[in-house]
Amino acid sequence: MPSRSILAGIGAYLPERIVSNAELALTVDTTDAWIRERTGIQQRHFSAPHETAAFMGTEAAKAALADAGALPSDVDGIILATSTPDQAFPATALRVQAALGVTKGFGFDLAAACAGFIYALSVADSMIKCGQAKGVLVIGSEVYSRILNWQDRGTCVLFGDGAGAVFLRAGEGTGSDQGILSTHIHAQGTLGDILYVDGAVGQPDKPGHLVMHGREVFRHAVTRLAEAVQEALDANKLTADDVDWLVPHQANRRIIDAMGRKLGLAPERVVITVEDHANTSAASVPLALCQAWKDGRIKRGELVLLEALGGGLVWGSALVRM
Ligand code: ACO
């Protein structure tokens, strides 16, 4: 029987510097009221120069290993989801590997924007199920503050920096269905021009800034995420009533509320961190998961539904028995 991927430990890291909407409004043509009303965001963390994706990913990974009671020697592989890597190569995952003192196994970065963590979880789960690894760190780490266009008030107020990580351990579990029950990932490249970064290391004189057609993304987000959530429930012959917690991508409070309503989940069963973190892209789901795990809301044995959508378009869901 194939192994299950147990979420053995969860960790996170947030940069020290907190920037409120009011502080942002000193340099950007915006107001606290507009940002709160349209998005729910009240503040975000912005990284200092040393707080790169590798640095933050390492700190989150250390916390996840400690939470699992695991050692660097238990790590067979590291998958790090990011759109803001430290360098084109080596992969940021390998900077993390070196910083942790992990000396074996594989490591690579995965680029799937805000759905990166769900994608990475899906890949890691498949590798564990097919016996290729027994202990995998799945990390989302982002420094979007470095790719924001400060002249575009429609996007620069929406994002923040941070990292989250889980340590997956192969095991049959304590309960019959503990671990990742399923993941579903999707992509539609024809929608690549509604949310993208207009440059990259490979393009001359174009480091790149984030561009988003917010309304269109919003419309697709609500539809696609609802489909991904239903797909997860159907695949496991479960209904929304079985779900203890929804841990959604933290892009916009209105999208999150719409998803909660669609599922018929009481608002207190939806984990929301967008007020404090803003949109941290691939880090947003593990950061939210970590918060609700650390404060004791999410408990072992409970059923948790994760979902995210990002530039690509890419989207997906994961259903996990903690
Ligand atoms: N402050 C003040 N006014 C603003 C700001 C701002 N920061 N930004 C835009 N406005 C103005 C606009 O200029 C416009 O003014 P006008 O009516 O005079 O022309 C008005 O506010 C409305 O602008 P819209 O862009 O239409 O506002 P909308 O209600 O659509 O909200 C938002 C914008 C918050 C971006 C929303 O569309 C959204 O959340 N979209 C989805 C984002 C998402 O899900 N992203 C997920 C993936 S992210 C990733 O993968 C990297």
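Computed from a predicted model, the values in this text were never measured in an experiment. Just follow the structure's listing: the first ligand is 1, and inside any ligand the first atom is 1.
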Notebook entry, point to check: For ligand 1, which atoms sit closer than 4.0 Å to a heavy atom of Gly154?
Noted result: 8 (N)
Check: Between Ser281 and ligand 1, is there a nitrogen or oxygen pair with a distance under 3.5 Å?
Finding: no
Notebook entry, point to check: Is it true that Glu302 and Lys299 make a salt bridge, defined as a side-chain N closer than 4.0 Å to a carboxylate O?
Noted result: no
Check: For Thr183 and Asp125, does a side-chain donor sit closer than 3.5 Å to a side-chain acceptor?
Finding: no
Note to self: Using a 4.0 Å cut-off to any heavy atom of Ala251, which atoms of ligand 1 qualify?
What the structure shows: 43 (C), 44 (O), 45 (N), 46 (C)
Notebook entry, point to check: Among all protein non-hydrogen atoms, which one is nearest to atom 31 (O) of ligand 1, and what is the separation to 0.1 Å?
Noted result: Arg254 NH2, 3.7 Å
Notebook entry, point to check: How about Thr39 and Arg254: does a side-chain donor come under 3.5 Å of a side-chain acceptor?
Noted result: no
Item checked: Distance flag for atom 11 (C) of ligand 1, protein heavy atom under 4.0 Å -> yes
Item checked: Lys/Arg N to Asp/Glu carboxylate O, Arg95 vs Asp86, below 4.0 Å -> no
Next item on the list: Pull out every atom of ligand 1 sitting under 4.0 Å from any heavy atom of Arg38, numbered as shown with elements.
Entry: 22 (C), 27 (O), 28 (P), 29 (O)
Notebook entry, point to check: Do the side-chain N and O atoms of Asp67 and Trp293 include a donor-acceptor pair separated by under 3.5 angstrom?
Noted result: yes
Check: Short N/O distance, under 3.5 Å, between Trp34 and ligand 1?
Finding: yes
Item checked: Atom indices of ligand 1, in the order listed, that fall short of 4.0 Å to a heavy atom of Cys114 -> 47 (C), 48 (S), 49 (C), 50 (O), 51 (C)
Next item on the list: Identify, by atom number and element, the atoms of ligand 1 in contact range of Leu195, meaning under 4.0 Å from any of its heavy atoms.
Entry: 47 (C), 48 (S), 49 (C), 50 (O)
Check: What do you reckon, does His249 have a nitrogen or oxygen under 3.5 Å from a nitrogen or oxygen of ligand 1?
Finding: no
Notebook entry, point to check: How far is atom 35 (C) of ligand 1 from its nearest protein heavy atom, and which residue and atom is that?
Noted result: Leu158 CD1, 3.7 Å
Check: At a 4.0 Å threshold, what atoms of ligand 1 neighbour a non-hydrogen atom of Tyr144?
Finding: 51 (C)
Margin query: Could you check whether Glu275 pairs with Arg253 (Lys NZ or Arg NE/NH1/NH2 to Asp/Glu carboxylate O, under 4.0 Å)?
Written below: yes
Checklist line | Closest contact, heavy atoms only, Leu210 versus Met212 | finding: CD2-CB, 4.1 Å
Note to self: Tell me whether Arg153 has any N or O atom under 3.5 angstrom from an N or O of ligand 1.
What the structure shows: yes
Notebook entry, point to check: What are the two closest non-hydrogen atoms of Val96 and Ala54, and how far apart are they?
Noted result: CG2-O, 3.7 Å
Next item on the list: Closest by any non-hydrogen atom to atom 26 (O) of ligand 1: pick that one out of His220, Arg219, Arg215, Gln250.
Entry: Arg215
Check: Is there any N or O on Asn252 that sits under 3.5 Å from an N or O of ligand 1?
Finding: yes
Check: Do ligand 1 and Thr31 have nitrogen or oxygen atoms that lie under 3.5 Å from each other?
Finding: no
Check: Numbering the atoms of ligand 1 from 1, which are under 4.0 Å from a heavy atom of Val157?
Finding: 7 (N)
Check: Counting only heavy atoms, which portion of Thr30 has something under 4.0 Å from ligand 1: side chain, backbone, both, or neither?
Finding: both
Check: Does atom 17 (O) of ligand 1 have a protein heavy-atom neighbour under 4.0 Å away?
Finding: no
Check: Are Arg17 and Glu23 ion-paired here, with the side-chain N under 4.0 Å from a carboxylate O?
Finding: yes
Check: Considering only heavy atoms of Asn279, which atoms of ligand 1 have at least one such atom less than 4.0 Å away?
Finding: 48 (S)
Notebook entry, point to check: Is it the side chain, the backbone, both or neither of Ile255 that has a heavy atom closer than 4.0 Å to ligand 1?
Noted result: side chain
Next item on the list: Kindly confirm or rule out an N or O of Val217 lying under 3.5 angstrom from an N or O of ligand 1.
Entry: no
Next item on the list: Inspect the contact between Arg153 and Asp29 and indicate whether a charged nitrogen and a carboxylate oxygen are less than 4.0 angstrom apart.
Entry: yes
Next item on the list: Look at the side-chain heavy atoms of Ile, Leu, Val, Met, Phe, Trp and Tyr, link any pair under 4.5 Å apart, and say whether Val243 and Leu121 land in one connected group.
Entry: no
Item checked: Salt bridge flag under 4.0 Å for residues Arg261 and Asp257 -> no
Next item on the list: Indicate, as side chain, backbone, both or neither, the part of Val28 found under 4.0 angstrom from ligand 1 when only non-hydrogen atoms are considered.
Entry: neither
Item checked: With Glu142, the side chain to side chain donor-acceptor pair (under 3.5 Å) member among Thr280, Asn279, Thr82 -> Thr82
Check: Any chance CD of Gln203 has more than 12 other-residue heavy atoms, nucleotides or ligands included, within less than 6.0 Å?
Finding: yes
Check: Salt bridge or not for Arg44 and Asp161, using N-O below 4.0 Å?
Finding: no
Item checked: Met212, any N or O under 3.5 Å of ligand 1 N or O -> no
Next item on the list: Mind checking the CG-CD1 spacing from Asp32 to Ile41? Nearest 0.5 Å is all I need.
Entry: 11.0 Å
Item checked: Option with minimal heavy-atom separation from atom 41 (C) of ligand 1, where the choices are Ala308, Gly214, Ala221, Gly311 -> Gly214
Note to self: Does the protein place a non-hydrogen atom closer than 4.0 angstrom to atom 45 (N) of ligand 1?
What the structure shows: yes
Check: Looking only at heavy atoms, is any part of Leu309 under 4.0 Å from ligand 1, and if so is it the side chain, the backbone, or both, or is it neither?
Finding: backbone
